[in-house]
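For clarity, every value in this text was computed on a predicted model and none was experimentally measured. Numbering starts at 1 and runs along the sequence shown.
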Amino acid sequence: AVNEFKKTFLKFTGNEWEDRFDFEKRPGKYFPVEIDHGQDDDGLGDLAKATSKKSALDSRVAHLVANLFDMEMFEETMKSMDMDVKEMPLGKLSKAQLQRGFDVLKELKK
């Protein structure tokens, strides 16, 4: 099973499993995304609560965004598909991953 996993990892990422800590992105291949499984300590809080505040967004857009990030709705939807949310490797993107994404967006804007 371990050898099959290593072959699959190589096939999808272009990297050997043993080299995962020196991972090199390859065009058209998957790459790991850093996930922060810790507590929400950055003060962002619950986005759904933010809809009660004034927003510059059109009310329909604000409502859509609130629904997209509504954890209760997410959990109910996952349960309806017989998926156990607690067993899934979910979390929020790490700050380093967000920064890399922001850097890419800034580069594209130029």
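- A salt bridge does not link K6 with E4: none of the charged nitrogens is closer than 4.0 Å to a carboxylate oxygen.
- With a 6.0 Å radius and a threshold of 12 heavy atoms from other residues, nucleotides or ligands, F5 has its CZ atom above the threshold.
- Taking CG of L105 as the reference point, atom NZ of K110 lies at 12.5 Å (rounded to 0.5 Å).
- Distance CG/L108 to CG/D103: 11.0 Å, rounded to 0.5 Å.
- Heavy atoms from other residues, nucleotides or ligands lying under 6.0 Å from CZ of F31 number 12 at most.
- To the nearest 0.5 Å, atom CZ of residue R20 and atom OG1 of residue T13 are 11.5 Å apart.
- Ion pairing between K79 and E76 fails under the 4.0 Å rule for side-chain N and carboxylate O.
- Under a hydrophobic-cluster definition in which Ile, Leu, Val, Met, Phe, Trp and Tyr are linked whenever side-chain heavy atoms come within less than 4.5 Å, directly or via other members, F12 and F23 are assigned to different clusters.
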For E107 and K109, run salt bridge (charged side-chain N to carboxylate O under 4.0 Å, His left out): C-alpha distance rounded to whole Å, both residues' side-chain angles, the deciding distance at 0.1 Å, then the answer.
-> CA-CA 5 Å; E107 203 51 42; K109 188 176 180 183; over 6 Å; no
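- Here N15 contributes atom CG and K29 contributes atom NZ; the two are 10.0 Å apart, rounded to the nearest 0.5 Å.
- No more than 12 heavy atoms of other residues, nucleotides or ligands lie within 6.0 Å of CD in E72, so this atom counts as exposed by the packing criterion.
- W17 and F9 have perpendicular rings, their planes meeting at more than 60° on a 0 to 90° scale where under 30° would count as parallel.
- Grouping the Ile, Leu, Val, Met, Phe, Trp and Tyr side chains by contacts below 4.5 angstrom, directly or via other members, places L10 apart from F21.
- To the nearest 0.5 Å, atoms CZ (F69) and CG (L64) are separated by 9.5 Å.
- For D58, the CG atom counts as densely surrounded, since its 6.0 Å shell holds more than 12 non-hydrogen atoms of other residues, nucleotides or ligands.
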